[in-house]
Amino acid sequence: MAKKDNLPLTMDVDMEPSSSITYANDVVATIAGIAAAEVEGIAGMGNVVGGTILGKKPSATKGVRVEVGTEETSVDLYVTVEYGKPIQKAAHDVQENVRRCIESMTGLHVVKVDVHVQGVSFEKELAAINAGRKNAAIPGAKEPAPAPAPEVPVEVELTEEEAPEAEQEAQEE
């Protein structure tokens, strides 16, 4: 029998009900971590509560905990939000992006995406303040002398009682 004869004639034979695809937790966690990082307003990922202290997680799965079944998955995300961004909007956008990415890439149904906001990041604000300070300070330059106050003519209105005295003083000068 030739090797060609062993090949199936149609795709239906290959897709028997007994075959399945399984995903490692790290695969789904990586997809979720990257999808979360894409969302505007998310400064970074936090530490997973109850995670191991000794084990180092790759940056793509940091702050992500997943439970993967044969057809479903659930995701817990631990995030830090940028200061000034609406937290509810950022969290909702993360939920939607993570759900969409996992479902489109794996075909798994995402049962839930829980977002745990662990902090607020001020890094962009501090960087902007420090950049402003650097731009304002020129190395080796002296402080500029204050500009002289401009002369402003002053007009004074006199009451009727003061008017004759002021006219006399003006005539004497």
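Everything numeric in this text was worked out from a predicted model, so none of it was measured.
M45 places a side-chain heavy atom less than 4.5 Å from the side chain of V64. Counting only heavy atoms from C-beta outward, the side chains of V115 and V79 approach each other to under 4.5 Å. Between E67 and T73, the closest side-chain pair of non-hydrogen atoms is not below 4.5 Å.
Between the side chain of Q95 and the backbone N or O of D114, no donor-acceptor pair lies under 3.5 Å. R65 contributes no side-chain N or O that, together with a main-chain N or O of D76, makes up a donor-acceptor pair within less than 3.5 Å.
Of all non-hydrogen atoms in K62 and N47, the two that sit nearest each other are CE-OD1, 3.6 Å. Residues V39 and A90 approach most closely at CG1-O, 4.0 Å, considering heavy atoms. Residues A36 and V98 approach most closely at N-CG2, 4.0 Å, considering heavy atoms.
Follow the hydrophobic side-chain contacts under 4.5 Å out from V28 and you reach M105 in the same cluster. In terms of hydrophobic clustering, with Ile, Leu, Val, Met, Phe, Trp and Tyr side chains grouped at heavy-atom distances under 4.5 Å, V113 and I34 are assigned to different clusters. In the hydrophobic cluster analysis, where Ile, Leu, Val, Met, Phe, Trp and Tyr join through side-chain heavy atoms closer than 4.5 angstrom, I21 is grouped apart from V111.
By the side-chain hydrogen bond (donor to acceptor under 3.5 Å, both in side chains) test, E38 pairs with N97, sequence neighbours left out. Take H116 and apply the ring-ring contact (aromatic ring centres under 6.0 Å, His included) test, not counting sequence neighbours, and it matches Y78. Residues satisfying the side-chain contact (heavy atoms from CB on, under 4.5 Å) test with T106, not counting sequence neighbours, are Y23, I31, I102, L108. For E40, the side-chain hydrogen bond (donor to acceptor under 3.5 Å, both in side chains) test picks out K85, with sequence neighbours left out.
Within the structure, the salt bridge (Lys or Arg N to Asp or Glu O under 4.0 Å) test picks out the following pairs touching residues 86-96 (sequence neighbours left out): K89-D93. Under the salt bridge (Lys or Arg N to Asp or Glu O under 4.0 Å) criterion, no residue pair touches residues 18-28, with sequence neighbours excluded.
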Original post:
Is there a side chain to side chain contact (heavy atoms under 4.5 Å, CB included) between V94 and L77 once you walk through the steps?
Top reply: CA-CA 9 Å; V94 165; L77 299 169; 3.2 Å; yes

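Around the CD atom of E123, the shell of radius 6.0 Å holds no more than 12 heavy atoms that belong to other residues, nucleotides or ligands.
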